[in-house]
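Predicted model, so just to flag it, every value in this text is computed and none were measured.
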Amino acid sequence: MLDKSAPKSSTRTSGPLAGFRIVEFAGIGPGPFACMMLADMGAEVVTLDRVGAKKNMKSVAGRGRKVVELDLKDKAAVAQVLDLLANADALIEGFRPGVMERLGLGPDVVQARNPRLVYGRMTGWGQEGPLAQAAGHDINYISVTGALAAIGPKEKPVPPLNLVGDFGGGALYLVVGVLAALLEASKSGKGQVVDAAMCDGAASLMSMFFDMTAIGRWSEGRESNFLDGGAHFYGVYECACGNFISIGSIEPQFYALLRQHAGLADAAFDAQMDRKAWPALKEKLTKVFKSKTREEWCRIMEGTDICFAPILTMAEAPKHPHMAARKIFVERHGVTQPAPAPRFSRTPSAIREPEAADIASLAGEWKTGR
């Protein structure tokens, strides 16, 4: 259904989205990350940026796009954008609700020119609701979902970088929504608006924990559950060298291996699932792991079914044997960065170089390329 003819462009394309054309309105955070993924997967992504914006060739999230600089307050420029969108497959914007409409580029106007266009909207609070017009950041969007309250030590919640709101609940849900809408448009010939809100996505990511709460397997106190650092067999431990390791020995067979390799012969460790015993067992295990360096524990545990891994810094991660063997990180313009993901067997993703483009030429190219 989604097969497209090869685009008539000088840009070399590969990936499962080759032939799809996406217009991105420049922004920060989840929008550019979503467009990076789409570009990595072969879509021809054109970024519309402000006049004078300098393309950073070393940008990870900005890789793989054509870039057009223009003034969206200029009616002539808006007319050119509409010409470009007339033959696009999708649009992605991350402004506050109403901004695109005031520019004359709202869904009604654009889809009147191109009824099959998928209109992707990325915001924190969504297109409507009491907070729709309020400013916010990742930390705020995950605060109202129950996610942030569940993360961190007992003393206070700890922001999990901006992985849960911006990228997990935002960018990835935007990508899924746009791809689903493109699939549906290929059958119906009609586009639609994809309202991707970070608070929606972050709440969705909490589904399993709401499920576990409903059946009595999760309580709201931090460090009191088996996945939030409460359990001695699922957590982070410091080693003699000051570095850290992680274990996730939940299943009985994995827990048995942990006891075997860590020398946990103490009968107290028999009470694996006794929550009342967890604090004392965690204290015992803390002393055990502090008896050896991270490197020594890696030699003992890595590659076993203990569910063990060393905790690596961003500088260390690319050098890990597994990460290196799979080429999970690549170097581009002197910058180490994650390679495209996921992987495709027949139509592999690839990183393309960004390039400057002329919007009039692009609009003509896209029109004749259908």
Side-chain angles (χ1 to χ4, degrees), residues 146-147 149-158 160-161 163-164 168 205-326 328:
I151 300 171
K154 289 182 179 180
E155 293 73 29
K156 65 176 183 178
V158 173
L161 301 181
L163 298 175
V164 177
L205 290 172
M206 290 294 290
S207 296
M208 184 181 81
F209 302 99
F210 277 88
D211 194 10
M212 293 173 69
T213 299
I215 61 176
R217 294 192 61 198
W218 192 266
S219 62
E220 291 199 335
R222 286 182 300 280
E223 287 193 322
S224 61
N225 300 283
F226 73 98
L227 293 177
D228 65 357
H232 61 290
F233 53 84
Y234 193 95
V236 170
Y237 289 94
E238 186 176 3
C239 304
C241 56
N243 292 315
F244 294 83
I245 56 89
S246 66
I247 57 168
S249 310
I250 299 173
E251 293 79 359
Q253 66 272 29
F254 301 157
Y255 184 67
L257 284 173
L258 171 65
R259 294 188 64 179
Q260 176 187 332
H261 285 75
L264 308 179
D266 188 339
F269 284 98
D270 293 347
Q272 181 189 359
M273 291 300 176
D274 182 355
R275 294 190 181 215
K276 294 180 181 179
W278 286 354
L281 294 178
K282 184 186 289 189
E283 188 175 339
K284 290 175 182 285
L285 199 47
T286 295
K287 293 177 181 178
V288 170
F289 278 117
K290 268 212 168 181
S291 68
K292 291 180 173 60
T293 66
R294 185 180 70 180
E295 184 178 350
E296 289 174 316
W297 285 119
C298 283
R299 286 198 293 267
I300 294 170
M301 294 186 169
E302 196 163 25
T304 72
D305 279 355
I306 288 172
C307 300
F308 165 95
I311 295 178
L312 306 179
T313 65
M314 289 172 60
E316 292 174 319
K319 302 171 187 175
H320 186 274
H322 183 79
M323 308 297 271
R326 284 184 59 81
I328 292 173

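With respect to the salt-bridge test (charged N to carboxylate O, under 4.0 angstrom), the residues Arg294 and Glu302 do not qualify. Ionic pairing of Arg259 and Asp270 is present here: one or more N-O contacts between side-chain nitrogen and carboxylate oxygen are shorter than 4.0 angstrom.
Residue Met314 places its CE atom among 12 or fewer non-hydrogen atoms of other residues, nucleotides or ligands, all under 6.0 Å distant. Around CZ of Arg299, the count of heavy atoms belonging to other residues, nucleotides or ligands within 6.0 Å exceeds 12. Atom CD of Glu238 has more than 12 heavy atoms from other residues, nucleotides or ligands within 6.0 Å.
Atom OG of residue Ser249 and atom OH of residue Tyr255 lie 9.0 Å apart, to the nearest 0.5 angstrom. Note that CG of Asn243 is 8.5 Å distant from OG1 of Thr313, once rounded to the nearest 0.5 Å. How far NE2 of His322 is from CZ of Arg326: 5.5 Å, rounded to the nearest 0.5 Å. Note that the CD atom of Gln260 and the CD1 atom of Ile300 stand 11.5 Å from one another [nearest 0.5 Å]. In this structure, Thr286 OG1 and Tyr237 OH are separated by 5.0 Å, a value rounded to the nearest 0.5 Å. Expressed to the nearest 0.5 Å, how far CG of Leu281 lies from CG of Asp274 amounts to 8.0 Å.
Between Ala315 and Lys319, the shortest heavy-atom distance links the atoms O-CE, 3.7 Å. Here the closest non-hydrogen pair linking Ala262 and Met301 is CB-CE, 3.8 Å. The minimum heavy-atom distance between Ser219 and Ser224, with the atom names listed, is OG-OG, 3.0 Å. The nearest pair of heavy atoms linking Leu258 to Ile306 is N-CG1, 3.8 Å. Nearest approach of Asn225 to Trp278, heavy atoms of both residues: C-CZ3, 3.8 Å. The minimum heavy-atom distance linking Ala150 with Asp228 is given by the pair O-CB, 4.1 Å.
Side-chain atoms of Ser246 and Phe308, non-hydrogen and from C-beta on, never get closer than 4.5 Å to each other. Between Ile250 and Cys307 there is no side-chain heavy-atom pair separated by less than 4.5 Å. The shortest side-chain heavy-atom distance between Arg222 and Pro157 falls under the 4.5 Å cut-off. Within the 4.5 Å cutoff, the side chain of Pro310 has no heavy atoms near those of the Glu316 side chain. Using a 4.5 Å heavy-atom cutoff, the side chains of Gln253 and Asp305 are not in contact. Side-chain atoms of Leu285 and Leu264, non-hydrogen and from C-beta on, do get closer than 4.5 Å to each other. Side-chain contact between Val236 and Ile311: present, with at least one pair of heavy atoms (C-beta onward) separated by less than 4.5 Å. Residues Ile247 and Phe289 are in side-chain contact: their nearest non-hydrogen atoms beyond the backbone lie under 4.5 Å apart.
Remark: the backbone N or O of Gly229 is paired with a side-chain donor or acceptor of Lys282 at under 3.5 angstrom.
Checked against a 6.0 Å centroid threshold, the rings of Phe226 and His232 do not count as neighbours.
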